[in-house]
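I have placed the structure first, in the form of structure tokens, so that the comments after it can refer back to it.
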Amino acid sequence: MNFSSKITDWYKLNKRDLPWRNNPEPYKIWLSEIILQQTRVAQGLPYYEKFFAAYPNVKSFANAQISDILLLWQGLGYYSRGRNMHFAANQVMTEFKGIFPNNFKDLKKLKGVGEYTAAAIASIACNESVAVVDGNVYRVLARYFNEAIPIDSTEGKKIFSELANELVPKINPGDHNQGMMELGALICTPKKPDCINCPINSSCQSAFSASVELLPVKSKKVKVKERKFNYFHLKFEDKIIIHKRHGKDIWEGLHQFPLVEGESQEIQNELKKLTGLNQEFGLTKGITLKHILTHQRIFADFFTVDLTTLKGLKSEFIVTTLEDLENFALPKLMVNYIESINKN
DNA sequence: AAGACGGGGCT
DNA sequence: AGCCCAGTCTT
């Protein structure tokens with residue numbers, strides 16, 4: 001039996017029952033694949049359910065407000081995915097007359113759809129014979145061929161893409177691709193792979209060996225930046241103040257308390273300058289939260305302030321209430337703070 | 001080619 | 001603490 005048959009047969013017997021796997025169509029696969037980028041199935045699954053219920057087709061997604069999309073996306077991370085999906089849905093409506101693209105070449109024109117996602121949609125929903133190469137596939141191939149070239153190098157990406165495309169069959173490419181990924185997720189795991197139950201262990205170059213956990217090889221190390229945030233929980237009667245983040249930084253489009261970044265000695269003045277409020281603030285130091293991101297470690301001090309007036313408040317700030325915050329997309333750090341004060 | 005972009009789970 | 005996850009875009 002050839003490689004692809006082993007993968008596909010194993011997949012049919014062992015695949016997980018996931019909602020986008022019955023009646024695959026481009027829109028559903030697109031939605032699931034974007035959500036699952038750099039995201040485990042267990043984490044992404046409830047988001048897929050929420051989004052598919054709210055937006056059952058590309059037209060409803062295109063007509064949605066970006067604020068509502070980000071609100072649904074809250075807590076999933078990499079929020080540019082949600083913004084790009086909104087843009088892409090409108091591309092489908094205008095550039096493709098409302099019909100979701102059904103081939104690799106056109107799919108790649110959509111914002112947020114790269115090599116991997118275009119191949120996934122094309123093969124799973126459109127039966128096009130093109131290989132997906134995600135983190136799972138890198139791992140399966142690196143081990144199967146005992147290939148130690150770094151997967152995050154330009155040459156490595158090329159090598160693994162060529163290997164993957166030599167293996168993908170003309171018939172049922174979607175089952176083959178999903179089988180490769182499912183194998184990586186369930187059997188050929190990063191730690192302690194289950195070689196004994198692997199359908200391709202007889203021809204795998206590193207099965208059962210000490211080298212298997214050393215593959216695949218990555219060359220780059222992530223650099224972690226430390227940041228200090230001073231957040232101000234401003235209170236006026238039952239009102240609080242937030243604003244929307246923008247610019248090239250984390251959490252673009254999400255809302256937060258007024259923020260002064262850095263180890264400021266002049267917090268009072270910084271806060272006046274930031275908000276336009278001109279009064280003496282009675283600052284009370286509240287809790288400190290540490291928030292870990294892939295590239296950043298954020299130490300956030302939260303201060304509470306009782307305001308005597310909102311006079312002078314700059315227009316970019318939104319006056320709302322703690323209860324009404326559920327209608328704004330918030331970074332997890334803000335959510336963690338709200339949870340912590342509600343407990344006490 | 002390198003850096004930026006979240007959050008969660010597992011070791 | 002470190003690594004990884006159905007990656008893509010920007011610089």
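In the text below, chain A, chain B and the rest are named by the order of the sequence lines, each starting its count at 1. Heavy atoms only: backbone and side chains are in, while hydrogens, waters and symmetry mates are out.
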### Query
What integer number of Å spans the P atoms of dG3(B) and dA6(C)?
25 Å
### Query
Near DNA chain B, under 4.0 Å by heavy atom, which residues of residues 247-257 of chain A?
Lys248(A), Asp249(A), Ile250(A), Trp251(A)
### Task
Could you state the atom-to-atom distance from NZ of Lys157(A) to P of dC9(C) in whole Å?
14 Å
### Message
Work out how far the C1' atom of dG6(B) is from that of dC5(C), and round it to whole angstrom.
### Response
12 Å
### For atom CZ of Phe160(A) and atom P of dA6(C), their distance in whole Å
17 Å
### Query
Where the side chain of Gln38(A) is defined as all heavy atoms beyond and including C-beta, which of dG6(B), dC5(B), dC9(C) is the nearest nucleotide?
dG6(B)
#### Entry: Candidates dG7(B), dA6(C), dC9(C) - which lies nearest the side chain of Lys111(A)
dC9(C)
### Query
Over how many whole Å does the gap from Gln37(A) atom CD to dC4(C) atom P extend?
19 Å
### Query
Which is true for Gly75(A) with a 4.0 Å heavy-atom rule: it touches a base, it touches only sugar-phosphate, or it touches nothing?
sugar-phosphate
### Task
Find the distance Trp30(A):CH2 to dT8(C):C1' and express it as a whole number of Å.
15 Å
Output a table of donor-acceptor pairs, distance under 3.5 Å, between side-chain atoms of residues 165-175 of chain A and any protein atom two or more places apart or on a different chain; print 'none' if there are none.
unit_1, atom_1, unit_2, atom_2, d
Asn165(A), OD1, Ala131(A), N, 3.0
Asn165(A), ND2, Ser161(A), O, 3.0

### Task
For dT8(C) and dG9(B), measure between their C1' atoms and round to the nearest Å.
23 Å
### Query
Of all the choices, dC9(C), dA6(C), dG7(B), which nucleotide is nearest to the side chain of Gln43(A) once you look at every atom?
dG7(B)
### Query
Is the number of heavy atoms from other residues, nucleotides or ligands under 6.0 Å of Lys244(A) NZ greater than 12?
no
### Message
Return whichever of Arg40(A) or Val113(A) has its heavy-atom-nearest nucleotide of DNA chain C closer to the 5' end.
### Response
Arg40(A)
### Query
Which is true for Arg297(A) with a 4.0 Å heavy-atom rule: it touches a base, it touches only sugar-phosphate, or it touches nothing?
nothing
### Task
Figure out the CD/P separation between Glu115(A) and dC9(C), and round it to whole Å.
10 Å
### Query
Which one, dG7(C), dA6(C), dG7(B), comes nearest to the side chain of Arg21(A)?
dA6(C)
### Message
Heavy atoms only, 4.0 Å cut-off, all strands: where does Trp20(A) land among base, sugar-phosphate and nothing?
### Response
base
### By ring-ring contact (aromatic ring centres under 6.0 Å, His included) - contacts of Phe317(A) (at least two apart)
His243(A)
### Task
Inspect the surroundings of CD in Gln265(A) and state if more than 12 heavy atoms from other residues, nucleotides or ligands are less than 6.0 Å away.
no
### Message
Would you say that more than 12 heavy atoms from the other residues, nucleotides or ligands in this model lie under 6.0 Å from the CG of Leu13(A), or not?
### Response
yes
### Query
OP1 or OP2 of dG6(B) sitting under 4.0 Å from any side-chain N/O of His291(A)?
no
#### Entry: Tyr78(A) OH to dT8(C) C1', straight-line distance once rounded to whole Å
10 Å
## Note on the structure
Closest to the 5' end of DNA chain C, once Val222(A) and Thr117(A) are matched to their nearest nucleotides, is Val222(A)
### Query
Is any side-chain N or O of Thr39(A) under 3.5 Å from a base N or O of dG6(B), one able to act as donor and the other as acceptor?
yes
#### Entry: Nearest-angstrom distance from the residue atom CG of Asp134(A) to P of dC5(C)
8 Å
#### Entry: Main-chain N/O of Asn230(A) paired with Glu261(A) side-chain donor or acceptor, under 3.5 Å
no
### Query
Looking only at side-chain N and O atoms, does Arg139(A) come under 4.0 Å of OP1 or OP2 in dC5(C)?
yes
### Along DNA chain B (nearest heavy atom to each residue), the more 5'-positioned of Asp152(A) and Gln296(A)
Asp152(A)
### Over 12 non-hydrogen atoms of neighbours within 6.0 angstrom of NZ in Lys50(A)
yes
### Message
Taking the minimum atom-to-atom distance to the side chain of Tyr116(A), which one of dG7(C), dG6(B), dG8(B) wins?
### Response
dG7(C)
### Message
dG7(B), OP1 or OP2 - any side-chain N/O from Tyr79(A) closer than 4.0 Å?
### Response
yes
### Atom pair distance, as rounded to whole Å: NZ in Lys191(A) and P in dT11(B)
10 Å
### Query
Quick check: are there more than 12 heavy atoms from other residues, nucleotides or ligands sitting under 6.0 Å from NZ of Lys314(A)?
yes
### Message
Classify Ile34(A) by what it touches in the nucleic acid, base, sugar-phosphate, or nothing, heavy-atom distance under 4.0 Å.
### Response
nothing
### Query
Got more than 12 heavy atoms from elsewhere within 6.0 Å of NZ, Lys105(A)?
no
### Summary
DNA chain B nearest-nucleotide lookup for Glu155(A) and Leu333(A): closer to the 5′ end is Glu155(A)
### Query
Of the candidate nucleotides dA2(B), dC5(B), dT8(C), which contains the atom at the shortest distance from the side chain of Lys220(A)?
dA2(B)
### Pairwise C1' distance, dG8(B) and dC9(C) [rounded to whole Å]
23 Å
